[in-house]
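Everything on this sheet refers to the single structure shown next.
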Amino acid sequence: MPRFGVAVIASVALIGTWPCKADQEGQHRVAALEFPVAERVQFVELQMNRLLRKPAEQRGTVWIEADGALVMRIEEPLVEERRLHRGQLSLRRLARGNVSTDLDAALEEAPPRTTTLDVRRSTHLALAALADLLRGDVESLSERFDIGAVLSGGNDQDDWTIELVPTNARLRRALGRVHLHAKGIHLVGFDVEHNSKKWRRMRFLETASNAAAGDMP
Amino acid sequence: MTFALRIALLLLIAAVLAAVAAWRLNVTYDLAYFLPEPTTAAQRILIERLGQGPGAQIVYVVLPEATAIEADAAGQRLRELRGVRRVYPQVEELDLETIPAVAWRHRFLLADLPEDEAAWQEILAARLVDAGLADTEAALDLIAADPLLASLDALSSFATAAPNYEYEDERYLLVQTTVPAFDVGGQTTLVEDLRATLGDTGFAHARLYGIGVYGADLQAAVRREATVFSALASIALAALLYWRFRSAAVVVAIGAPMLAGAAAGLCSLALIYNQVHGIVLAFGFTLLGVVVDYPLHLFSHRSGRSAVWRTLRIGVGSTLAAYGAFLLGGSAGIEQLGLFAIVGIGVASLGTAWLVPGLASKPSSAPPVAGTPLRHWPWVAVLLLAAPFVLVRAPFSDNLAALTPLPKATLAADAELRRRMGSSDMAHVIIVRGADLEAALVGTERVAEHLDVAVEAADLVGYTSIAPLLPSQARQRQRQQALRQFAATGATQGERSAFAEASAAMAFSPTAFRPFHDAVLAAAATPNWLTYEDLAAAPELAPLATAHLLETGDAWVSLVFLQGLGTNVDLITARIATLEGVELVDLKDASRALMATFRERLLTVLGAASMVIGVMLLLLTRSPRRTVWLLGTIVAAVAVSTSFGAWLRDGLSLFDIVALALVAGLGLDYGLFYSRAASQSLEAADTRRAVFICALSSTMVFGILAFSTTPALHGIGATVAVGVAAAYVLARLGCYSNPAS
């Protein structure tokens, strides 16, 4: 390849990595997001895959503990708690037939399955991103994702959407699109879309109380 | 034949015997070799399963000052090593490739089919949530082919993963290996690979724990210490002998019979036993130290060697009688030790007789110097002083852990690590006995039903049994019948199918579970029963099968390992009390009872041997007074050593009992020589010098061994050094100096 051609390709590649104004705007907005860390926030999630004929719904609660752990507790269609802390993911699922009303106590007694958080997997990466967002850890989020341009929403008070692009090339191909939704400084939810038949959409109900599952973008 | 030629020939014979031994010898470090024949089912389990439980193939890795990412990277590298099956924590994969073929093939026999639509909905809801966390197409394929995840659930019940993988700034990895714990060679290679790989990933200071690691490290440590201490002891002994005789030839001549005896002992072990315990070798060589005294006595005497030889023969005969008792000791390790000592001492004494000229000559015609007058008060006084120490505190430890050659610090660190990781201590096990395998499996299923209730009531954290992986034939038939009915109702797609209703309610596509549907129809048409042999033939599953099931001649035993039992022993015992052939065993109690029985047996045998030796001495010395003095001196020396061990080393182990036998043998030699009537005053002086050198060399050699960091070797060294010193002092004080000398 002629030396000139190499220089052009290199220049184009460099331009692609240069932070533009839009990227900086995205970074700024993400950094300004607030999340009620001390509270438990309800969420609803829709997922779709090739085994389903229509999106399936999961509901639960998510919060950040005092030690920085992310706890995502699914309460419907069954009870499972995912606890992400210091790079490890612990899963506790209530046994079949357990009808305890005190979920904290019941889950505490359930034996945990502990696995390493593998951010090379898209589902784990999404969990890690959620933890970063809820903790307000933009630095960690920036290591996992390039924070893209603001896709919609003109000013800070509007509903706005931003694209997150995995820094890992393989995941970039596998994940397709990752969109983060917010209203002003409140996080509303985010979407992970592998393709048209495989996606997940999560919404936090307290910050988007009118955003019922059916109203999702 | 010249003296030099005799020495050379004896050394040549030793070399040939050693070569044969090296060719045939297989060394093991299985502690079960030092345990006796079990008398109860619990003891049998303890011995046969020792080191073979579910945790036997686990290596715990402690990574100091590690982050999650660094620990994950190290774990990733360890997974690539040969001999590593899994490294926890690991990312859970819903992938068919992670399931052994036999478990997948028989998956419909491993779980009950849900009975109604609600139960199916619960199952399918779980799969929905699983799909949300599994992002590969393979995971969806697996769910489509087996929505029950029957084979995965059966396998996950054996998962060795611990609840905690971090503590303060330490991170832990749990490595499940494919190398059996008893394969010390394989474990050594694996441990070396693990350490090298951890070093490459920046964890050169990582610490490894686990039965396999201990076996490998122990082999290296025993070999290293045996080499170092043997070399030190040999150099010290050679220097002492050279100082005494000023002749290198005599030093070699004194060592040659011992080398020949050791080689012959090794050869006999190699030819008779398939495997010889490492401690037998380390300990056997120390026991053989007594034979150095034989040529030493003879070379120390410038005259009257034939008389010295006659006295030595009494000592040799008594020692052989004492070590002969080990052949009835009741454990393979003690028997091996006895055989090694008997052959070694026999060959060494014959070698001595052949090497030293003039032993066959008639006794000197000179009248003996006046018979050595003996004092009884020293041994009586020492015995009276030592007795309270022995009687006040039980001198023997029945703790099985005392037998392990592992340093106490390692055992403490192991226990602390398990506590931090939340691993079970495996101190309790439920034994399910059945006349045949089927009966044992049916019994295990009943126990499982009771334990499930206990887990739900939080009386127990969990348990592992073979039931999920190998259902009884009766249960397999029930499940096959249910499968037929499921197929008859249209499986996943019939109009009356509860599955179809639940699937539709859960938003699954009507064709999502087509692979499951097809597999159900095929399995319902052709029953394919799962057998123990199927599991045993699968490399992934065989260790699980053999860890949980064993055939004991006339019966089958199924083991159920408990986790997090805590103080609820009585509760669990009550829960299973109504089940026939089922017993909750406290392995610590079983081991204590086993050791107590073993110790009693060994002491009884040694006591009987002592009586035989007493009668022998009476017949050979023809002097009741001398015999009483000899036995009293030996008993007092043994009492001193016993009280020393009981008070300063937390009790004596089985190895110490064997060491006490050596003290008795050496003490007898000293007593015999001090108490014998020499024919000349010169000979009497030579005798005193010879006994002094013998005692000094033994105290020195065993004193060096007492510095070993291996508990068993340290114990033997300390016991013998103290005992020998006491025996010498008692023998010396117990006889008046001959005025003629």
Side-chain angles (χ1 to χ4, degrees), chain A residues 45-58 60 72 74 76-80 82 84-98 100 105-106 108-127 171 174-175 192 194 197-198 200 202, chain B residues 67-72 75-76 87-93 114 119 121-137 139-141 143-144 147 156 159 161-166 171 173 422 452 455-456 458 461-462 503-513 563-564:
Chain A
E45 185 184 68
L46 291 183
Q47 66 156 315
M48 188 63 194
N49 63 50
R50 66 177 161 83
L51 297 183
L52 300 171
R53 65 183 153 75
K54 65 174 186 179
E57 184 182 291
Q58 293 179 16
M72 183 177 174
I74 298 166
E76 287 177 38
L78 53 68
V79 178
E80 178 179 283
R82 298 167 185 172
L84 179 62
H85 184 50
R86 294 183 65 181
Q88 282 179 10
L89 178 62
S90 294
L91 304 177
R92 291 174 193 264
R93 181 176 287 183
L94 281 200
R96 287 167 62 186
N98 190 322
S100 173
E108 186 65 33
E109 286 172 6
R113 287 181 303 155
T114 303
T115 68
T116 305
L117 183 82
D118 183 3
V119 291
R120 290 160 298 192
R121 292 174 53 158
S122 59
T123 49
H124 284 203
L125 181 69
L127 265 179
L171 281 171
L175 271 179
V192 178
H194 299 261
K197 287 186 178 173
K198 190 176 179 187
R200 295 169 65 197
M202 186 181 197
Chain B
T67 65
I69 293 170
E70 290 167 341
D72 186 38
Q76 204 60 35
V87 178
Y88 296 95
Q90 67 168 10
V91 179
E92 289 189 341
E93 295 282 0
Q121 274 203 24
E122 202 171 343
I123 295 281
L124 294 179
R127 297 301 82 83
L128 203 61
V129 173
D130 289 336
L133 204 57
D135 53 357
T136 62
E137 291 301 310
L140 297 181
D141 290 341
I143 289 171
S156 67
N164 309 315
Y165 287 97
E166 59 173 301
R171 285 191 177 267
L173 298 175
D452 285 339
V455 170
E456 212 163 293
V461 171
S503 167
M506 298 299 301
F508 280 104
S509 138
T511 56
F513 294 101
Q563 293 155 6

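Below, chain A is the first sequence line, B the second, and so on; all start at residue 1.
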Heavy-atom cut-off 4.5 Å, strictly under: side chain, backbone, both or neither for B:Gln121 against chain A? neither
Can you name the nearest heavy-atom pair linking B:Ile123 to B:Pro147, along with the distance? CG2-O, 3.4 Å
Proximity breakdown for B:Ala504 and chain A, heavy-atom pairs closer than 4.5 Å: both
What distance separates A:Leu51 CG from B:Phe513 CZ, expressed to the nearest 0.5 Å? 6.0 Å
Distance from A:Asn49 atom CG to B:Leu140 atom CG, nearest 0.5 Å? 5.0 Å
Determine the option with the most heavy-atom pairs under 4.5 angstrom with chain B, choosing from A:Lys198, A:Gln47, A:Arg50. A:Arg50
If one checks every heavy atom of B:Asp141 against chain A at 4.5 Å, the contacting part turns out to be both
Output the option from B:Ser509, B:Ala512, B:Ala144 having the highest count of non-hydrogen pairs under 4.5 Å with chain A. B:Ser509
Do A:Leu52 and B:Leu128 have side chains that get closer than 4.5 Å, going by heavy atoms? yes
Mind checking whether A:Met202 and A:Val192 have side chains closer than 4.5 Å, heavy atoms only? no
Would you mind telling me which of B:Arg127, B:Met506, B:Arg171 has the largest number of heavy-atom pairs within less than 4.5 Å of chain A? B:Arg171
Do you know which of A:Gln58, A:Arg200, A:His194, A:Arg93 has the most heavy-atom pairs under 4.5 Å to chain B? A:Arg93
Tell me, with the steps shown, if A:Ile74 and A:Arg82 meet side-chain contact (heavy atoms from CB on, under 4.5 Å). CA-CA 8 Å; A:Ile74 298 166; A:Arg82 298 167 185 172; 3.4 Å; yes
